[in-house]
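Working notes, beginning with the structure itself.
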Amino acid sequence: MNEQYHPEHVEAEAQAWWRDNQTFRAREDPAREKYYCLSMFPYPSGRLHMGHVRNYTIGDVMSRYQRMRGRNVLQPMGWDAFGLPAENAALQHGVPPASWTRQNIDYMREQLQRLGFAYDWSRELATCQPEYYRWEQWLFTRLLKKGIAFRRTAPVNWCPKDMTVLANEQVVDGCCWRCDTPVERREIPQWFLKITDYAQELLDALDEMEGWPEKVRTMQRNWIGRSEGVEIHFPIADAPAEALRVFTTRADTLMGATYVAVAPEHALAARAAQDRPHLAEFIESCRQAETSEAALETAEKRGMDTGLFVLHPLSGRRLPVWVANFVLMAYGEGAVMAVPGHDQRDWEFARKYQLPVEAVVVPEGFAGDPASRVAEAADEEKGVVVNSGEFDGLGFRDAVDAVAAKLGRLERGEKRVAFRLRDWGVSRQRYWGCPIPVIYCDACGIQPVPDEQLPVRLPEDVALDGAVSPLTRLEEFVTTQCPACGGAARRETDTFDTFMESSWYFARFTSPDCDTAMLDERAAYWLPVDQYIGGIEHAILHLLYARFFHRLMRDEGLVSTDEPFARLLTQGMVLKDGVKMSKSKGNTVDPEDLIARYGADTVRLFIVFASSPDQSLDWSDSGVEGAYRFLRRLWAFAVAQGATVRRAADSDPGDPAVRRELHALLRQADYDYRRNQFNTVASAAMKMLNLLQDAAGTQTPGRDATLREGLRMLLALLAPITPHIAQALWRDLGFGDTPVDGPWPVVDETALEQDQLELVVQVNGRLRDRIQVPAGADRQAIEAAALASEAVARHLQGKTLRKLVVVPGKLVNLVVS
RNA sequence: GCCGAGGUGGCGAAACUGGUAGACGCGCCGGACUCAAAAUCCGGUGGUGGCGACACCGUGUCGGUUCGACUCCGACCCUCGGUACCA
């Protein structure tokens, strides 16, 4: 055995052995308990960054730990290969997205392999492969027939100069990122999936998902945003047969409504604008806006009177109809009722445009002038209804019930549940994505592409120009035959949102080579994913879409569970000097350089050691040095003790003092592995090496057997984190070929027993002394020992003992005054 | 704007169910080895005061609950993630 630690040799050898033995090839085996561990697959951007390395290291540690504990582990890897960056690269460097993506994948695969992750590479997939997206297209055509997929208009960011649709990311300060032209909002027809049909189910299931962090469940609950309220119809004054529909959770304030507001795109606004140039101009100016919620909510609230009126559904009072830039067609009905007395946004809008503010709710027992309550700001608190005729005196709940009942009798409204969640827009006016499998026929309308014509392949030899997708100009792609009538027809040229591909890849990994169906019987063995690991930035969109998509597959009979991911770990970001590591900030650290210098095990160890997985991790070059130093020290120690360890027998008695500490460390590390706090596992391993090095310097009778036991324990503990060095030393010390299949070390409870305990003695909660007591000491004996302490006596002088708290095994607190 | 997190020594962090704040590592200081340096090894290291035993202060800020609070409650400040076409 080489005296020096040479990671490049150690790691190449271990990786070759795993490859030759197909160690990580996963095989379905109903007799064994499975463990499907999945890290979010990467977008093939070119090179791995530290965030990837961290994500995949955490996943690998969990996979290897579970395997050592006896589970049948599946850990696959693939590529989220469609997306915008490939188109940007194509524009910048003139490389077609397909070849750019494939080159990136080849490079990044090698980087992952160099890190020694225990992946079953035979299951690798890339979402840009027709063999993959074929089944996504297939499922979409089922959804189309079921009415889950539907078409309607929705707003997009439009750059009028480049004549192209922009992603929110491509809009900077309201302008196009390339040409700085102010962005417009445009309504265009798009495909949607009816996720709102599943809103209640997606919400309810969160309560049972105990393997998910509470923060993610809370975020999803808020995102779905279920609210109970009333839908109210305001008849239009000039055309009482028509009504403006609004939804409100505060129907108790209905009598305080003083105006209504509609979206600039609302039909009523357009109607009013026909003979009002000023209004038409205002509506036009509202198009000069981004589509993002953040931009919408922080933009200045502007509005204009349409001159039209609606009738209050209960009082018959005429209420003016305003157009407001903060009301969007896509949300709810595109109209809201305004109660400025009890809604702050309405209050500010009313104040700005001199609209009336009326108070219709006051706190219980309030005797003053209600108007005084809303003079300086809206009063959003719930209370007792006033100034509302027959509803006066009712509390919130009763008032809502009474208002809803009356609206119901008049057929002008009813109770309804509303969700904040909106249907999922899956159309993208982009090239590098999965073609939407739809054909438009002038005679037969919208036709799904028949199964036998799937996949609709994305043409790959195309030139991009930064404006419209090249698909729209590719005659041989666009021109086709109607599957129904055989006549000339056109293909859809939009592609799917890339969240579509990432919504089911976890399932496809179970049946990656199946070419007769989306999934086969192997899915039933492996699903659901037992442990999913990825960034917190995916807490809402990706994870909600995947949960939804899983249900779509369930309802198609493809999977049998409701939820795709049993347990979720959201890892923190990688920072450098306290700020996010990113290319734009120029503070990146290239994993490849580090691996070349220190080896994969050092990088893995540092990543695991520097922070707990769910916290952010601050990169430190000297911290990496520390990890490397530890591995070198471990290597030197194991080699130096090799002969001793190989000579000792497992049955020899050990050194009780060292064994007690050893097993206490093991117990803690075991606990930390189970609660996914790997940084303290690494710390326990370091303590263990320190302990064994100290023990090696002594001459106690059980020394050699304890070194043997301790080194085996230490290598097992480290094997999930630094698998290469662990395997090399495992072999050298004669423990076997590899630790990947365990056995996992077991805590020896008898080794932990103590006859003396140290207790802390506090006076008024402040540490004053420590005392030794026999392990079985009763309360009386403990009190006596505490009172016998000199330090305690000093602090008791001239004071009266009021109370004596004894926490068994921990401390004594004397309360004095 | 709204929703969700985070804030502990010079630095990364730990502290299990409210019970010894700062484990482990980095850095720094001192020492050993060396002609010298690197590497390695040994010791020290939250702040203030004191020769010292020791005392006081200390977990973003302000307040509260408790025998006892990094941990629980209330208000606030700052940083980060998401905000539906970045992935």
Parallel, tilted or perpendicular for H542(A) and H538(A), by the 30°/60° rule?
perpendicular
Under-4.0 Å salt bridge between R151(A) and E492(A):
yes
Across the strands shown, which category fits S620(A) at heavy-atom distances under 4.0 angstrom: base, sugar-phosphate, nothing?
nothing
How far, in whole Å, is U17(B) from A13(B) if one measures between their C1' atoms?
22 Å
Which label fits G68(B), syn or anti, where anti is any glycosidic angle not within 90° of 0?
anti
Hey, does the side chain of N690(A) come within less than 4.0 Å of G25(B)'s phosphate (OP1/OP2), counting only N and O?
yes
Assign S45(A) to base, sugar-phosphate, or nothing according to its heavy-atom contacts below 4.0 angstrom with the strands shown.
nothing
E214(A) near the nucleic acid: base, sugar-phosphate alone, or nothing, with a heavy-atom cut-off under 4.0 Å?
nothing
Provide, to the nearest angstrom, the distance between the CG atom belonging to L543(A) and the P atom belonging to U83(B).
12 Å
Measure CG/D618(A) against P/G10(B) and give the value in whole Å, please.
16 Å
Relative to the ring of F41(A), is the ring of Y505(A) parallel (under 30°), tilted (30 to 60°) or perpendicular (over 60°)?
parallel
Any N or O donor-acceptor pair under 3.5 Å from the base of C3(B) to the side chain of E293(A)?
no
Give the nucleotide from the list G19(B), C86(B), G25(B) with an atom nearest to the side chain of K810(A).
G19(B)
Specify the residue among M573(A) and Q693(A) whose closest nucleotide of RNA chain B lies further upstream toward the 5′ end.
Q693(A)
For G12(B), give its Watson-Crick or G-U wobble partner with both distances under 3.5 Å, or none.
C24(B)
If you look at every strand shown and take non-hydrogen atoms under 4.0 Å, does D672(A) touch a base, only sugar-phosphate, or nothing?
nothing
Students often get this wrong, so: under 4.0 angstrom with heavy atoms, is N168(A) touching a base, only sugar-phosphate, or nothing?
sugar-phosphate
Pairwise P distance, U20(B) and G74(B) [rounded to whole Å]
25 Å
Need one value for V760(A): base, sugar-phosphate or nothing, where a base atom within 4.0 Å counts as base even if backbone is also close, heavy atoms only.
base
Specify whether F349(A) and F326(A) have parallel, tilted or perpendicular ring planes, treating 30° as the upper limit for parallel and 60° as the lower limit for perpendicular.
perpendicular
When we call it a touch if two heavy atoms are under 4.0 Å apart, what does L421(A) touch: a base, just sugar-phosphate, or nothing?
base
Select one nucleotide: of G4(B), A55(B), A13(B), the one nearest the side-chain heavy atoms of R794(A).
A55(B)
Please classify the nucleic acid contact of Q668(A) as base, sugar-phosphate, or nothing, using heavy-atom distances under 4.0 Å.
nothing
Select one nucleotide: of C24(B), C26(B), C86(B), the one nearest the side-chain heavy atoms of R629(A).
C26(B)
Kindly say whether, by distance alone, the side chain of Q429(A) makes a donor-acceptor pair under 3.5 Å with the base of C85(B)?
yes
Could you check which nucleotide pairs with G46(B) in any of the strands shown, counting Watson-Crick or G-U wobble with both distances under 3.5 Å?
C57(B)
Determine the contact category for R768(A): base if any of its heavy atoms lies under 4.0 Å from a base atom, sugar-phosphate if only primed atoms, P, OP1 or OP2 are that close, otherwise nothing.
sugar-phosphate
Any strand is fair game: report the nucleotide pairing with G68(B) by Watson-Crick or G-U wobble, both distances under 3.5 Å, or none.
none
Assign V216(A) to base, sugar-phosphate, or nothing according to its heavy-atom contacts below 4.0 angstrom with the strands shown.
nothing
Salt bridge check: are E293(A) and R420(A) linked by an N-O gap of less than 4.0 Å?
yes
Length of the NE2-P vector between H542(A) and U83(B), whole Å
13 Å
With a 4.0 Å cut-off on heavy atoms, is L811(A) in touch with a base, just the backbone sugar-phosphate, or nothing at all?
base
State which of U20(B), G12(B), C41(B) makes the closest approach to the side chain of Q762(A).
U20(B)
What nucleic acid atoms does F630(A) come within less than 4.0 Å of, heavy atoms only: base, sugar-phosphate, or nothing?
nothing
Could you check which nucleotide pairs with C41(B) in any of the strands shown, counting Watson-Crick or G-U wobble with both distances under 3.5 Å?
G31(B)
Whole-angstrom distance between A84(B) and C76(B), as gauged at atom C1':
31 Å
Picking from A87(B), A15(B), A84(B), the nucleotide nearest the side-chain atoms of W223(A) would be A84(B)
Atom CD of Q615(A) to atom C1' of G12(B): distance rounded to whole Å?
12 Å
Expressed as a whole number of Å, how far does the P atom of G7(B) sit from that of C72(B)?
11 Å
Look at all strands and tell whether S612(A) reaches a base, only sugar-phosphate, or nothing, counting heavy atoms closer than 4.0 Å.
sugar-phosphate
On RNA chain B, check which nucleotide each of T680(A) and H795(A) is closest to and give me the residue with the more 5' one.
T680(A)
When the P atoms of G58(B) and G6(B) are considered, how many whole Å apart are they?
24 Å
Please work out which of the three classes, parallel, tilted or perpendicular, describes the rings of Y5(A) and Y628(A), given edges at 30° and 60°.
tilted
Within 45 degrees of the axis of the six-membered ring of F192(A) and under 6.0 Å from its centre: does R152(A) put its NZ or CZ there?
yes
Within the pair S611(A) and G12(B), is there a side-chain N or O less than 4.0 Å away from OP1 or OP2?
no
Report yes or no: do R633(A) and Q693(A) form a side-chain donor-acceptor pair below 3.5 Å?
yes
Residue matched to C2(B) through Watson-Crick or wobble contacts both under 3.5 angstrom:
G82(B)
Distance in angstrom units between R345(A) CZ and C2(B) P, rounded
12 Å
Pick the P atom in A39(B) and in G4(B), then give their distance to the nearest Å.
49 Å
Work out how far the C1' atom of A75(B) is from that of G27(B), and round it to whole angstrom.
38 Å
Would R217(A) count as a cation-pi partner of W212(A), with NZ or CZ less than 6.0 Å from the six-membered ring centre and within 45° of the ring normal?
no
Please determine if E300(A) and K352(A) form a salt bridge, counting it only when a charged side-chain N lies under 4.0 Å from a carboxylate O.
yes
Both distances below 3.5 Å, Watson-Crick or wobble geometry, any strand: find the nucleotide opposite C62(B).
G74(B)
Is any side-chain nitrogen or oxygen of R422(A) closer than 4.0 Å to OP1 or OP2 of A84(B)?
no
U40(B) phosphate, OP1 or OP2: any side-chain N/O from R632(A) under 4.0 angstrom?
yes
Any R766(A) side-chain N or O less than 4.0 Å from OP1/OP2 of C57(B)
yes
Between C26(B) and G82(B), how far is it from one C1' atom to the other, in whole Å?
33 Å
Under 4.0 angstrom, heavy atoms only, what part of the nucleic acid is Y43(A) near: base, sugar-phosphate, or nothing?
sugar-phosphate
